[in-house]
Structures are given as C-alpha cells and as structure tokens.
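Residue numbers run from 1 in the order of the sequence given.
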Amino acid sequence: MAAMKRDWLVPFINLGHLLDHLVMLVFPTVVLALALEWNRPYSELLPLALGGFIAFGAFAIPAGWLADHWSRYKMMAVFFLGIGGALFLTGFATSPWQIAAGLTLTGVFAAIYHPVGIAMLVASPKNLGMALGWNGLWGNLGLAFAAIVSGALMDLWGWRMAFFIPGLLSIAAGIAFLLLVPDPGPVVKKSKTIGLHLDTRTMAQVFAILLVATACGGIIFNSTTVAMPKIFDERLRSLTETNVGIGALVAVVYSVAAFAQVLMGTLMSRFDMKHLMIGVGLAQVPLLFAAATLDGWPMLIVALLMMMAIFGQIPLNDGIVGKYVADEYRARVLSVRYVVSLGVASVAVPMIAVLHRTEGGFRNVFMVLAALACAVFVSALFFPSRRRMQAAQPAL
C-alpha cells in the first residue's frame, strides 16, 4: 500500500504544474469580458495582474527556503490549498483593486510550485530529460486549459465562474494530495549531482549564461502567454467571434506546442545542451519577427511554431540545474532561477500595456520579443560544450 501511495507523487507534481500555469493565466482571458462589462480599455485593466506576476517570482525564494528547512511535502499541500482559496476570493471581487489583491495573493501561493515541485521531481529520476519533458507538457496544458476553460465558463455563467471553478478544483487536489501521497520526510543531506562535477570558473559561466537565457526567455514566455488571448481576439476574428472560440484556438496552439517539451526531453538525453540551446534560440528569432505583422490563418500557424520554440526552452533550463546542482541545494537554486525568470517576466505586463497603446500595437511587442530572442541565441553560443565540461572537471 505504501508503494502504491508513492506512485501518486509524480502525477500530483505534474497536476500541480498544470494548475500553477492555469491559475496564473485565468485573468488574461477574463480581462476580455471585464473590459466590456466595466467599459474600460484592455491596456488599463491588464496591469491589475502585475502584482500577481511579481509575487509569482519574488516569493519563489522564501518558498524554496521553507521547502529545504521545513518540508517540501507540506509546502506542496500549502500550494494546492492556497491557490484554490485565493482564486475563490478573487471571484467575489467587485472592484479593480479587489481583483488586483486577489491575483497578487494567487501569485504568492503559485510561487511555491517551481522551486518545490521541480526539486521533488528531479531528486532521483530514472531519465531526467523525459521527467522534465513530461512535466513541462502538463504545465503547458495548464496554459491551454486556462484559455479554453476561462472562455467557456465566461460564456456560460460569467467571468466569476472562471475563478470559482478552478479554485474549487485546486482545493480538491490539495485534499487528495494529503490523502494519497505519503510524506517522504526531510531531504537527505548529500552532495550529489546527476551530471558532471565542474570547476568554479566553468560553473560560474554556466549559471551566468543560464540567468541571461532565463531572464530573456522569461519575458518572451510571459509576454506571449499573457497576450495571446488578446492577440487572437484582434487578429483571428475572421475565424471566430466568441470568447470560447478564442480560448479554443489558444488551447489548440498551446496543446500542440506543449509536446515540444516532451521532444526536448528526449533530445536532451542524446545531444549536447549547447547545440539544443542554440537551435531553440535560432528558431525563436524569425518566428517572433514574422508574428509581428501576420493575421488570420498565417498568424495561427506561425503562433503554433513560435510557441513550440518558446516552450522547448523550458526543460533545457531546468535540466541544467538538475545536472549540476546537489539535491540538498536544488530547491534554493531553483528558487533563485525562478525568481529571476518569473520576476523579470513580470515586466511583460506593463510592457504589453504600454506598447499596446502605441500605433503599432502588438507589432511593437513582437519586435521587442524578437530582440530578446537574439540575446538568448547569443548567450547560447557561449554555453560550454559537454566536451569542454568534461575537460574542466577537477582532478580527484
């Protein structure tokens, strides 16, 4: 029975990833209905989500510290129950400041997942790349479900249900987690990495490049996922006129693109990470430039390819931490990585709001993102190859 209960751990970690991204992207779809109901422009209401995205990044560090010093298991329970309660409270909002407060509280609890859930996932996988790839797939399905579920609930019962229903599901998941998953106990203190042992200079270079790539990649990821419902609302109206239709198109793009993470997980076990990072960066640049001016079916196709390249970068970044960081420090290192990635990514919300007001609108947004993709590509060129890392190992 104990062995059967342990088998539930990874499914709940993957479910947590789905819920984490779903709850953070409910509002970018809901804002389309709020703009009509409250008669306020999109560029004015979207910044209400800023506090949530800042908290999503900033609270990753205390979450990782608590996980290592208190309990990863208990922090995951707090995550499930916390995001559910915060979403439910947001559904009762009657003013913009209440929406902003509810979204900020949601971001506080959502910040727990990445430093804690990913640390539990990569602690002892049989295949690191595949574990991260499938986990990434679940996270991106959360992005897809956020758009279509929110759009459907808005059309059927109003925007409040887009918060109430996911909130109740998250609380139910938290209760099931406590009932089905046993507490594995404290983290074993051992200085063991999955991959190579590197000298200080090479390690510093790896993480400097990783931080540049995750900072730029975080802005690209957050900007595209936050803005996609509005982009499709403006550019794909020839294909659909309803909120659920827009949500369905976004969901199709995210669902198909999500499998890029499974593919990347497979490639990580076969190819040098340096070459994979270069390939991902090289693919993002022309696709972001192309998305700046397209609409209709061409935009839908380019959006799909673009999101595949953007989603494919995520398991690469986590794989570096999984390979080169000892398990006892992994939650804290992941918390630093995610506070940089998600914290810097919060810039996306005001950036979109400001650029959307300009004459170019989303064209200007995509031009900025293409420039950031160039930085990702350039940083990948300086990532040390596996052969160089093997040569850089200190003599024992």
Decide yes or no on side-chain contact (heavy atoms from CB on, under 4.5 Å) for L46 and V349, but give the supporting numbers first. CA-CA 7 Å; L46 183 63; V349 174; 4.1 Å; yes
Are L288 and V285 connected in the hydrophobic side-chain network, where two residues link if heavy atoms are under 4.5 Å apart? no
Rounded to the nearest 0.5 Å, the OG atom of S150 sits from the CZ atom of F145 at a distance of 12.0 Å
Derivation of the side-chain contact (heavy atoms from CB on, under 4.5 Å) call for I175 and F80: CA-CA 8 Å; I175 296 172; F80 282 116; over 6 Å; no
W38 and I99: CA distance, side-chain angles, deciding distance, side-chain contact (heavy atoms from CB on, under 4.5 Å) verdict: CA-CA 13 Å; W38 290 358; I99 289 279; 3.9 Å; yes
Across all chains, not counting sequence neighbours, the side chain to side chain donor-acceptor pair (under 3.5 Å) partners of Y113 are N135
Aromatic contact, F109 with F59 (centres under 6.0 Å): no
Of all heavy-atom pairs linking S170 and L19, the shortest is OG-CD2, 3.9 Å
S223 side-chain N/O to I220 backbone N/O, donor-acceptor pair under 3.5 Å: no
With a 4.5 Å limit on heavy-atom distance, are the side chains of L276 and V280 in contact? no
Please check if the distance between the ring centroids of F88 and F164 is under 6.0 Å. yes
How far apart are the closest heavy atoms of V302 and A290, and which atoms are they? CG1-CB, 4.2 Å
Can you tell me how the ring of F311 sits relative to the ring of Y254, calling it parallel under 30°, perpendicular over 60° and tilted otherwise? tilted
Spatial distance of atom CG (L32) from atom CD (E234) [nearest 0.5 Å]: 9.5 Å
I'd like to know if the side chain of R363 reaches the main chain of A291, judged simply by a donor and an acceptor atom lying under 3.5 Å from each other, with no hydrogens or angles considered. no
About how many Å separate OG1 of T224 and CZ of F366, when rounded to the nearest 0.5 Å? 7.5 Å
Do I112 and F56 have side chains that get closer than 4.5 Å, going by heavy atoms? no
Does the side chain of Q313 come within less than 4.5 Å of M277's, by heavy atoms? no
Side chains of F383 and I278: closer than 4.5 Å at any heavy-atom pair? no
Starting from V354, can I reach Y42 by hopping between I/L/V/M/F/W/Y residues whose side chains sit under 4.5 Å apart? no
Flag the pair F362 / T293 as yes when at least one side-chain heavy-atom distance between them is below 4.5 Å, and no otherwise. no
Counting only N and O atoms by type, is there a donor-acceptor contact under 3.5 Å from the side chain of Q284 to the main-chain atoms of A373? no
Is a side-chain donor or acceptor of K274 paired with a backbone partner of L381 at a separation under 3.5 angstrom? yes
Using a 4.5 Å cut-off on heavy atoms from C-beta on, say whether the side chain of L236 contacts that of M299. yes
Looking only at non-hydrogen atoms, find the nearest pair between P229 and V226 and report the distance. CD-O, 3.6 Å
Quick one: does T90's side chain get under 4.5 Å of T106's, heavy atoms only? yes
Does the side chain of H114 reach to within under 4.5 Å of the side chain of H17, using non-hydrogen atoms? yes
Determine the interplanar angle of the F163 and W159 rings, folded into 0 to 90°, and report it as parallel if under 30°, tilted if 30 to 60°, perpendicular if over 60°. perpendicular
Please check if I219 and V212 belong to a single hydrophobic cluster, counting links between Ile, Leu, Val, Met, Phe, Trp and Tyr side chain heavy atoms closer than 4.5 Å. no
Other residues, nucleotides, ligands: >12 heavy atoms within 6.0 Å of W297 CH2: no
Considering non-hydrogen atoms only, spot the tightest contact between G151 and T29 and give its length. N-CG2, 3.9 Å
Nearest heavy-atom neighbours spanning G16 and F79: O-CZ, 3.4 Å
So CG of L22 and CG of L15: to nearest 0.5 Å the spacing works out to 10.0 Å
Angle between ring planes, W8 versus F12, binned at 30° and 60°: parallel, tilted or perpendicular? tilted
N/O donor-acceptor pair under 3.5 Å between Q98 side chain and G91 backbone: no
With sequence neighbours left out, what residues match R357 under side chain to side chain donor-acceptor pair (under 3.5 Å)? S43
Determine, step by step, whether M351 and L369 satisfy the side-chain contact (heavy atoms from CB on, under 4.5 Å) criterion, reporting the C-alpha distance in whole Å, the side-chain angles of both residues, the deciding distance to 0.1 Å, and the verdict. CA-CA 11 Å; M351 181 190 77; L369 298 183; 4.0 Å; yes
Is it true that L179 and I171 fall in one hydrophobic cluster, defined by side-chain heavy atoms closer than 4.5 Å? yes
What's the separation between atom CZ in F27 and atom CG in L87, rounded to the nearest 0.5 Å? 12.5 Å
Going hydrophobic residue to hydrophobic residue with side-chain gaps under 4.5 angstrom, can you get from L169 over to V78? yes
Nearest heavy-atom pair of V23 and A110: which atoms, and what distance? CG2-CB, 4.5 Å
Atom OG1 of T214 and atom CG of L211: how far apart are they, to the nearest 0.5 Å? 5.0 Å
With distance as the sole test, does R235 use its side chain to make a donor-acceptor pair with the main-chain N or O of L294 at under 3.5 Å? yes
Closer than 3.5 angstrom, by distance alone: can the side chain of T225 be matched with the main-chain N or O of N222 as a donor-acceptor pair? yes
